[in-house]
Amino acid sequence: MRLLPADLPERSALAMEVHARPSEPLAAPGRASYAAVLVDADERERELAHLGRLCRQHGQPAPAPDAVHWSGPIGALRLKWERHGEFSSYTLLMPSGEGEPFADTAAAQLPAGWLAGVPGMTVYAGHAELLSPTEGRALGDLLRQCFGERMVVGSAIGDGAGLAYSDFLTHTDGFGRFLLIDQGFTPLVAGRMLQRLFEIEAYRMMALLAFPVARRLSPRLQAIERALAALADSIAAGNARETGRDENLLQELTRLAAEIESGLAASQFRFGACRAYAALVRTRIGELRERRLTGLQTLDEFMGRRFTPAVATCATVSQRMHDLSERVAQASHLLSTRVDIVREQQNLALLASMDRRAKLQLRLQQTVEGLSIAAIVYYMAGVVGYVAKGGRSLGLRLDVDLFVGLSVPVLALLAFQAVRRARRHASEQEAH
């Protein structure tokens with residue numbers, strides 16, 4: 001008997017999300033290579049097909065069409081592939097044999113040209129060597145051999161379970177380098193720490209993709225700010241009755257608003273991604289649980305001095321764009337209000353003028369109506385005169401002049417009533 005209601009369709013996938021992308025174990029001595037590749041959406045199928053061919057060549061099942069991660073043995077390597085939002089990562093791990101650090105890398109064990117054939121563009125690539133302390137040579141000599149005379153950043157990680165060193169530079173082979181010294185790692189913890197170090201660099205590079213965008217936008221934002229300041233001064237100094245001038249200013253503000261919105265649309269995804277990736281970098285650094293080594297910067301300090309200012313620049317440019325958008329909107333609203341007020345005043349003046357004209361027309365109409373009544377009476381009196389003359393010709397004893405004179409008041413009253421009735425009928429027609 002079922003004890004629960006029907007499952008949410010996504011319940012199983014959501015429950016397993018915390019178990020997704022597990023770290024691959026690596027025991028000392030071991031080595032690893034990592035590549036983060038920016039992949040467009042239309043290249044995802046090619047990427048999966050490219051990985052599937054490598055799996056089948058080594059007798060492994062290809063990842064499913066909807067897979068977002070895969071891991072398995074590829075010859076002497078263990079390959080881990082993960083699909084992230086914008087990029088894919090490839091982690092290669094293997095035990096290390098004899099030889100100098102970074103001389104024979106894990107990436108070199110792949111079939112020739114396979115890694116170079118991965119669709120997309122490389123964002124970050126790195127090699128790592130995990131050494132046992134018993135392999136010991138002088139640490140200074142080891143660091144010089146791995147990083148030359150470059151400045152090295154390092155710290156104890158995992159609460160002292162190991163040491164991590166890097167120069168955070170790209171070497172001649174196109175890869176960065178991490179050197180880890182095992183001082184008590186379990187294979188699983190070592191693999192987890194290695195994954196965090198690689199992800200710090202991958203997320204750092206993804207965050208910094210916004211930095212060139214911020215640099216390109218900064219000069220244009222300065223020009224827009226100057227133009228907006230000049231327009232604000234013009235608005236403040238303008239005459240409220242200069243409607244044509246205000247409309248020109250409003251058109252210029254509209255142009256600035258369109259330019260800012262275009263910049264926002266083109267850059268805000270990148271700036272939002274910068275904030276998200278920077279947060280992941282800080283999270284991964286915190287998960288390392290660093291301890292200071294004498295004379296060396298920790299990874300946290302290094303990122304605080306070099307990486308954090310770049311992220312702050314991107315955040316500042318993004319905020320400036322939003323502030324400019326709001327300021328242009330406020331200025332446009334203010335100017336639109338002023339233009340509307342002037343137009344309302346003009347409309348009121350026009351209505352008053354129309355009202356005066358209507359009154360003049362009414363007076364003229366009344367004058368015309370009075371003249372019309374006089375004309376009607378005149379012509380009707382003429383008709384009455386002709387009638388009276390006709391009656392006298394028939395033998396009626398009529399005084400024609402007296403008869404016409406007496407008919408004039410009656411005719412005037414009838415004409416007035418007729419004009420009044422016509423005016424009332426016209427008013428009723430307009431009302432309907």
Quiz item: Salt bridge between Arg192 and Glu287, side-chain N to carboxylate O under 4.0 Å?
Solution: no
Quiz prompt | Ion pair Arg196/Glu199, N-O distance below 4.0 Å | solution = no
Backbone N or O of [Y] within a donor-acceptor pair of the [X] side chain at under 3.5 Å?
{"X": "Thr283", "Y": "Ala279", "value": "yes"}
{"X": "Trp70", "Y": "Pro61", "value": "yes"}
{"X": "Glu290", "Y": "Asp300", "value": "yes"}
{"X": "Asp173", "Y": "Phe175", "value": "yes"}
{"X": "Arg177", "Y": "Cys146", "value": "yes"}

Within-4.5 Å side-chain heavy-atom neighbours: [X] and [Y]:
{"X": "Phe198", "Y": "Tyr124", "value": "yes"}
{"X": "Thr298", "Y": "Leu293", "value": "no"}
{"X": "Leu194", "Y": "Leu130", "value": "no"}
{"X": "Leu217", "Y": "Met321", "value": "yes"}
{"X": "Ser33", "Y": "Thr105", "value": "yes"}
{"X": "Arg306", "Y": "Arg204", "value": "no"}
{"X": "Trp81", "Y": "Leu54", "value": "no"}
{"X": "Tyr90", "Y": "Val118", "value": "yes"}

Quiz item: Crowded around Glu45 CD? As in, over 12 foreign heavy atoms under 6.0 Å?
Solution: no
Quiz prompt | Sequence-distant partners of Arg327, salt bridge (Lys or Arg N to Asp or Glu O under 4.0 Å), two or more places apart | solution = none
Side chains of [X] and [Y]: do they bring a donor and an acceptor to under 3.5 Å?
{"X": "Glu24", "Y": "Thr91", "answer": "no"}
{"X": "Glu86", "Y": "Tyr277", "answer": "yes"}
{"X": "Ser318", "Y": "Gln268", "answer": "yes"}

Quiz item: Tell me the salt bridge (Lys or Arg N to Asp or Glu O under 4.0 Å) pairs involving residues 248-261, sequence neighbours left out?
Solution: Arg220-Glu259, Glu252-Arg255, Arg255-Glu259
Quiz item: Just one of His69, Arg44, Arg83 clears the side chain to side chain donor-acceptor pair (under 3.5 Å) bar with Ser88, so which one?
Solution: Arg44
Exercise. Mind running ring-ring contact (aromatic ring centres under 6.0 Å, His included) on Phe147 and Tyr165 for me, showing each step along the way?
Key: CA-CA 9 Å; Phe147 305 108; Tyr165 301 93; 7.6 Å; no
